[in-house]
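Every value quoted in this text rests on a predicted model; they were computed, and no experiment measured them.
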Amino acid sequence: MAAAAAAAGPVFWRRLLGLLPGRPGLAALLGRLSDRLGRNRDRRRRRSPWLLLAPLLSPVVPQVTSPPCCLCLEGVHRFQWIRNLVPEFGVSSSHVKVLSSPAEFFELMKGQIKAAKRRVVMASLYLGTGPLEQELVDCLESTLEKSLQANFPSELKVSILLDFMRGSRGRRNSRTMLLPLLQRFPAQVRVSLFHTPKLRGLLRLLIPERFNETIGLQHIKVYLFDNNVILSGANLSDSYFTNRQDRYVFLQDCPEIADFFTELVDAVGDVSLQLQGDNTVQVVEGMVHPYKGDQAAYCEAANKRVMDVINSARTHQQMLHVQTFHNDSLLPGQDAATAGDRRPVPDTWIYPLIQMKPFEIQLDEIVTETLLTEAERGARIYLTTGYFNLTQAYMDLVLGTRAEYRILLASPEVNGFFGAKGVAGAIPAAYVHIERQFYSKMCSLGQQERVQLQEYWRRGWTFHAKGLWLYLAGTSLPCLTLIGSPNFGYRSVHRDLEAQIAIVTENQALQQQLHQEQEQLYLSSGLVSSATFEQPGRQVKLWVKMVTPLIKNFF
């Protein structure tokens, strides 16, 4: 009721203003006061940790403040509340490998495709059309051919999920690259093209190619081969295989995680358009059309399809946890690690964080905001994004909470849009403008010691890495990292389909891997100061400054 009354406040003011005929000056003054009070109230609401946690503490989702499970060895880390929202997968740290370069990522992908026996699942924004991308397609074709040479029906299935708009751009595109596979192996290959439900009707007809991608995209990047999974922010394009720096983690022999992401990609695929061998698309039988059907019905169906996967996996993992660590049949003095019929106690936990705001799924946003809110004084958070355009909520938390922040972003020269033709060429300048505004606010609040910006620069490279590393107070190694597709910006939170994982580990060797990854990225950067914005090429044109507030939520 209190929330409803607060929300009704502006309505009350407007009605009051209507009772002031002949007093336009007073009405205007009260109107400005009302707007300012409303903005201040919203700002306080965003900054309040308790209000921020309100979605977590409501009956709709499990509470995040539940104490750790003290009855088992697994209940030893402070981030266990995440499993009340999403599935928790306990693994051995020896199954987790951090990759460091695009070339390593590309070679691993090819090797994994060639070795796959049962499934290849690939979710990306798009597949490029160059020779390196053709190598991947050739690897898929070779593996499918080999699967047919067996004396029994092949189990190998290939499922590829891309974005409809980005994957259809130009005459030669992701679709034309994959058509030969569909035509030759129709029973084994599925290509799904996600089309945002927000791009429909007259809007769809009027917005030209490239610009239509600003409305919303399939942005998840998951590459899966049998029981091995690569989580990354990298797309399937030549620059991501050569000189575009990203992040990548390889989860080896993790069948439950592989099953989860297979089912997640299948779920998004089911609510997407299906590419046919003649380059047309069809809707899955019984599914609402994403842009011709009723939008609310489509989003409701998509929410149910995806949340069924998440909730089913969460319930299953909780049952496994109980069976493994809470079975009364343990002998006196025998623990779960030594019981012969039980799994070894994990030292690393994987939490998939899904964000699909068009479908009212906000799990990644909830967890990220809570992590930023709860980070104690003395903790250090290294946050990196290829596109520095934090949401207002994230910005308020960075500037208003207790932890120390080191934020790594792309310098204009390594921004993926640098040198682009037309309006896109002004996007790096828009990011410079956003960066300068943030830096100025940081300085005005006296936060430049606690919060530091660093710009990545490497000759001949572009920068696309995103995620964070959390170092608890008094520690020299990170115990948690977020890695995947989100950029912490408006698009990631509100427009696109995103997925990343939180990795929590107690293993020092894996913590060292994560620390070295962070150090390697930050080594190629310089500290941002007021002098940074006086450098040649940092002067932002007036029209870019004027347009940026209007378009910043679209890039």
Side-chain angles (χ1 to χ4, degrees), residues 47 49 52 64 76-82 93 96 98 100 233 245 247 249 347-349 351 353 364 367-386 388 390-391 393-410 435 438-439 441-443 445-456 463 465-484 486-489 500-529 532:
R47 287 180 173 174
L52 184 64
V64 301
V76 293
H77 68 81
R78 65 173 65 191
F79 305 105
Q80 208 170 29
W81 55 266
I82 303 176
S93 56
V96 183
V98 178
S100 61
Q245 184 63 58
R247 297 182 65 209
V249 65
D347 60 5
T348 300
W349 297 266
Y351 300 94
L353 308 179
D364 179 65
V367 171
T368 302
E369 288 190 355
T370 306
L371 289 172
L372 301 184
T373 302
E374 295 296 309
E376 74 270 31
R377 189 179 304 279
R380 287 173 293 136
I381 293 178
Y382 289 78
L383 186 151
T384 179
T385 173
F388 183 69
L390 301 181
T391 66
Y394 290 158
M395 196 181 305
D396 287 347
L397 286 169
V398 169
L399 294 176
T401 49
R402 300 157 292 185
E404 297 176 10
Y405 285 86
R406 303 291 180 267
I407 301 176
L408 181 63
L409 51 123
E435 178 187 354
F438 180 86
Y439 181 81
K441 186 168 186 180
M442 187 176 78
C443 292
L445 295 172
Q447 299 294 318
Q448 58 267 45
E449 293 298 321
R450 188 180 62 82
V451 182
Q452 293 183 359
L453 297 180
Q454 294 176 232
E455 285 188 356
Y456 183 95
F463 184 71
K466 67 276 305 255
L468 67 77
W469 300 258
L470 174 59
Y471 295 68
L472 298 177
T475 64
S476 59
L477 296 174
C479 63
L480 177 147
T481 191
L482 300 184
I483 180 169
N487 277 296
F488 305 103
Q500 63 180 339
I501 56 173
I503 303 176
V504 178
T505 184
E506 298 172 341
N507 180 270
Q508 192 167 357
L510 179 53
Q511 290 179 351
Q512 188 66 44
Q513 277 194 69
L514 296 172
H515 177 67
Q516 289 173 351
E517 178 199 31
Q518 177 271 117
E519 279 197 323
Q520 194 64 37
L521 289 172
Y522 279 70
L523 273 175
S524 299
S525 69
L527 189 64
V528 172
S529 68
T532 302

Give, for atom [atom1] of [X] and atom [atom2] of [Y], the distance between the pair rounded to the nearest 0.5 Å.
X: Gln516; Y: Gln513; atom1: CD; atom2: CD; value: 7.5 Å
X: Met442; Y: Met395; atom1: CE; atom2: CE; value: 12.0 Å
X: Thr532; Y: Leu527; atom1: OG1; atom2: CG; value: 7.5 Å
X: Cys443; Y: Glu449; atom1: SG; atom2: CD; value: 10.0 Å
X: Gln454; Y: Leu523; atom1: CD; atom2: CG; value: 9.5 Å
X: Leu468; Y: Leu408; atom1: CG; atom2: CG; value: 12.5 Å

How would you list, by chain and number, every residue that makes a salt bridge (charged side-chain N to carboxylate O under 4.0 Å, His left out) with Glu517, sequence neighbours excluded?
-> Arg247
Salt bridge (charged side-chain N to carboxylate O under 4.0 Å, His left out) involving Glu519 - partner list, sequence neighbours excluded | none
Which heavy atom in [X] sits nearest to a heavy atom in [Y], and how many Å separate them?
X: Thr505; Y: Ser93; result: OG1-CB, 4.4 Å
X: Ile407; Y: Val398; result: CD1-CG1, 4.0 Å
X: Arg78; Y: Trp81; result: O-CD1, 3.4 Å
X: Leu409; Y: Leu453; result: CD2-CD2, 4.0 Å
X: Val504; Y: Tyr351; result: CG2-CE1, 3.9 Å
X: Val96; Y: Val249; result: CG1-CG2, 3.6 Å

Is the number of heavy atoms from other residues, nucleotides or ligands within 6.0 Å of CD (Gln512) greater than 12?
-> yes
Evaluate the side-chain proximity of [Y] to [X]: yes if any heavy-atom separation is below 4.5 Å, no if none is.
X: His515; Y: Tyr471; answer: yes
X: Leu482; Y: Leu371; answer: yes
X: Leu353; Y: Ile82; answer: yes
X: Phe463; Y: Ser524; answer: no
X: Lys466; Y: Gln500; answer: no

Verify, without hydrogens or angle tests, whether Thr481 (side chain) and Ile503 (backbone) share a donor-acceptor contact under 3.5 angstrom.
-> no
Are the side chain of Arg450 and the backbone of Thr401 linked by a donor-acceptor contact shorter than 3.5 Å?
-> yes
Assess whether side chain to side chain contact (heavy atoms under 4.5 Å, CB included) is satisfied between Glu506 and Cys479, documenting all intermediate values.
-> CA-CA 6 Å; Glu506 298 172 341; Cys479 63; over 6 Å; no
Anything under 30° is parallel, anything over 60° is perpendicular, the rest tilted; go ahead and classify Tyr394 against Phe488.
-> perpendicular
Of Ile381, Thr384, Leu477, the residue whose pairing with Trp469 passes side-chain contact (heavy atoms from CB on, under 4.5 Å) | Thr384
Is the centre of the Phe438 ring less than 6.0 Å from the centre of the Phe388 ring?
-> yes
